[in-house]
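Structure first, commentary second.
Just so it is clear, the values below take in all heavy atoms, side chains as well, and ignore hydrogens, waters and symmetry mates.
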Amino acid sequence: MTAFSADFSGATVCPSPNHGERAGGRQPDMIILHYTGMPTAGQALAWLCNGESQVSSHYFIHEDGRVDQLVPEARRAWHAGKSEWAGETDINSCSIGIEIANPGHPGGLPPFPDAQIQAVIELCRDCGARWKIAPERVLGHSDVAPIRKVDPGENFPWEKLHLDGIGHWIAPTQITGGRFFQYGESGQPIEALQSMLSVYGYAIEVSGTFCERTKGVVEAFQRHFRPQLVDGIADFSTIDTLHRLLKALPKFN
């Protein structure tokens with residue numbers, strides 16, 4: 001692909017050939033955040049710009065805060081893969097994908113440098129304003145692809161982003177004892193849990209059975225909104241945090 005003009009003024013263009021048309025003329029109304037999960041930023045960037053990889057993102061953020069734009073925002077970058085949110089199954093056609101250089105779980109979940117997170121905030125703020133993206137539609141790859149993906153990981157500072165006006169967040173309810181629900185259980189409380197997760201946007205069947213998929217979705221929720229303990233068990237802290245997040249959504253106010 002030939003060079004293009006960056007949509008974000010702070011970005012340097014580094015073209016990737018891996019993109020296509022947004023289906024049905026869609027415009028982005030989501031931002032999906034990823035970590036690269038590779039040992040070095042250089043390796044990750046080279047892979048995203050390699051035509052054989054068949055993967056890409058709109059933006060790539062280095063550890064020192066430098067931002068590269070790989071694909072024009074008007075185009076469909078190939079970053080989300082098989083994913084779903086709020087009934088939408090072609091996430092690539094309605095989202096902007098941002099890859100954040102970090103080894104992730106394979107590299108022991110190292111912290112994200114402050115300069116890098118500040119760059120994430122500035123980029124998300126810019127994209128969000130230009131495309132009028134709702135805070136609750138700034139999500140992690142693990143949110144739209146539970147079980148299959150775990151990035152950007154439980155160490156990603158979602159609270160810091162929220163304090164700077166990016167994303168939907170509420171302080172998680174303290175972890176305590178009490179009743180909990182886990183894999184293998186069934187009944188009305190499980191159905192209610194699945195219903196709440198589905199209303200928030202997660203792709204989950206409301207079956208009343210705490211199946212493997214339900215466990216994976218609970219883990220994805222915890223990884224984003226209750227990262228102190230990611231175990232796939234729906235304890236009071238998890239359920240109450242979810243309930244409060246739902247109450248804080250604009251459509252319920």
**Message:** Before you tell me yes or no, could you show the steps for Val218 and Leu197 under side-chain contact (heavy atoms from CB on, under 4.5 Å), namely the whole-Å CA-CA distance, both residues' side-chain angles and the distance that decides it to 0.1 Å?
**Reply:** CA-CA 8 Å; Val218 169; Leu197 287 165; 4.1 Å; yes
Any donor-acceptor N/O pair, [X] side chain to [Y] backbone, under 3.5 Å:
| X | Y | value |
| --- | --- | --- |
| Thr241 | Ser237 | yes |
| Tyr35 | His105 | yes |
| Glu88 | Trp85 | no |
| Arg148 | Lys82 | yes |
| Asp151 | Gly153 | no |
| Gln116 | Ala101 | yes |
| Arg22 | Arg75 | yes |
| Arg213 | Gly216 | no |
| Gln194 | Thr209 | yes |
| Asp68 | Val13 | no |

Is there a chain of hydrophobic side chains (I, L, V, M, F, W, Y, each step under 4.5 Å between heavy atoms) that links [X] to [Y]?
| X | Y | result |
| --- | --- | --- |
| Val138 | Leu249 | yes |
| Ile96 | Ile121 | yes |
| Leu246 | Phe221 | yes |
| Val199 | Leu193 | yes |
| Leu109 | Val150 | yes |

Could you tell me whether Gln54 atom CD has more than 12 heavy atoms of other residues or ligands within 6.0 Å of it?
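Yes, because the 6.0 Å sphere around CD of Gln54 holds more than 12 heavy atoms from other groups.
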Q.
Is it true that, when you exclude Gln118 itself, more than 12 heavy atoms of the residues, nucleotides or ligands shown sit nearer than 6.0 Å to its CD?
A.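 Yes, CD of Gln118 has more than 12 neighbouring heavy atoms, counting only those of other groups under 6.0 Å.
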**Asked** After noting the C-alpha distance and the side-chain angles of Gln222 and Thr238, does the key distance pass the side chain to side chain donor-acceptor pair (under 3.5 Å) rule?
**Response** CA-CA 7 Å; Gln222 292 171 333; Thr238 300; 3.1 Å; yes
Could you grab the distance from atom [atom1] of [X] to atom [atom2] of [Y], nearest 0.5 Å is fine?
| X | Y | atom1 | atom2 | answer |
| --- | --- | --- | --- | --- |
| Met30 | Cys94 | CE | SG | 5.5 Å |
| Thr214 | Tyr183 | OG1 | OH | 10.0 Å |
| Phe210 | Ile190 | CZ | CD1 | 6.0 Å |
| Ile239 | Phe180 | CD1 | CZ | 11.0 Å |
| Ile91 | His141 | CD1 | NE2 | 9.5 Å |
| Arg223 | Ser142 | CZ | OG | 6.0 Å |

Practice task
Please collect all side chain to side chain donor-acceptor pair (under 3.5 Å) contacts where either partner lies in residues 126-137, sequence neighbours excluded, each pair once.
Solution key: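 Counting only pairs at least two positions apart or across chains, the side chain to side chain donor-acceptor pair (under 3.5 Å) contacts touching residues 126-137 are Asp29-Arg137, Glu73-Arg130, Glu73-Trp131, Asp126-Arg130.
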(request) Please step through salt bridge (Lys or Arg N to Asp or Glu O under 4.0 Å) for the pair Arg179 and Glu185, ending with a clear verdict. (result) CA-CA 13 Å; Arg179 184 74 174 98; Glu185 295 189 61; 3.0 Å; yes
task = Could you label the plane-to-plane angle of the Trp158 and His224 rings as parallel, tilted or perpendicular, counting under 30° as parallel and over 60° as perpendicular?
result =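 Aromatic pair Trp158/His224 classed parallel.
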task: Decide yes or no on side-chain contact (heavy atoms from CB on, under 4.5 Å) for His34 and Ile98, but give the supporting numbers first.
output: CA-CA 6 Å; His34 309 253; Ile98 300 174; 5.7 Å; no
Which heavy atom in [X] sits nearest to a heavy atom in [Y], and how many Å separate them?
| X | Y | value |
| --- | --- | --- |
| Val144 | Leu139 | CG1-CD1, 4.1 Å |
| Trp78 | Asn92 | CA-ND2, 3.8 Å |
| Tyr202 | Phe225 | OH-CE1, 3.7 Å |
| Ser57 | Leu70 | O-CB, 3.3 Å |
| Ile32 | Ser95 | CG1-CB, 3.9 Å |
| Leu33 | Cys124 | CD2-SG, 4.0 Å |

Pairwise side-chain contact, [X] with [Y], heavy-atom cut-off 4.5 Å (strictly under):
| X | Y | result |
| --- | --- | --- |
| Cys127 | Phe8 | no |
| Cys14 | Cys49 | yes |
| Leu123 | Tyr59 | yes |
| Pro111 | Asn155 | no |

Any salt bridge linking Asp90 with Arg76? Criterion: basic side-chain nitrogen under 4.0 Å from a carboxylate oxygen.
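The answer is yes: the pair qualifies as a salt bridge.
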- Query: With no hydrogens and no angle check, do the side chains of Gln69 and Thr12 hold a donor and an acceptor under 3.5 Å apart?
  - Reply: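 No - no donor-acceptor pair under 3.5 Å links their side chains.
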- Message: Using salt bridge (Lys or Arg N to Asp or Glu O under 4.0 Å), reason through Arg66 and Asp64 one step at a time and then give a plain yes or no.
- Response: CA-CA 6 Å; Arg66 286 178 294 122; Asp64 60 6; 2.9 Å; yes
Point to revise | Working for side-chain contact (heavy atoms from CB on, under 4.5 Å), residues Arg226 and Ile175 | key: CA-CA 9 Å; Arg226 209 287 304 275; Ile175 298 173; 3.5 Å; yes
Would you check if the distance from the ring center of Phe156 to the ring center of Phe112 is below 6.0 Å?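 Phe156 vs Phe112: aromatic centres under 6.0 Å.
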Return all side-chain donor-acceptor pairs below 3.5 angstrom for residues 161-174, not counting sequence neighbours, or 'none' if the list is empty.
residue: His162; atom: ND1; partner: Gly167; partner atom: O; Å: 2.9
residue: His168; atom: ND1; partner: Tyr200; partner atom: OH; Å: 2.7
residue: Thr173; atom: OG1; partner: Asp240; partner atom: OD2; Å: 2.7
residue: Thr173; atom: OG1; partner: Arg244; partner atom: NH1; Å: 2.9

Walk me through whether Asn18 and Ser53 qualify under side chain to side chain donor-acceptor pair (under 3.5 Å). CA-CA 8 Å; Asn18 304 325; Ser53 74; 3.3 Å; yes
Can Glu219 and Asp231 be said to form a side-chain contact (heavy atoms from CB on, under 4.5 Å), step by step? CA-CA 6 Å; Glu219 287 178 348; Asp231 59 4; over 6 Å; no
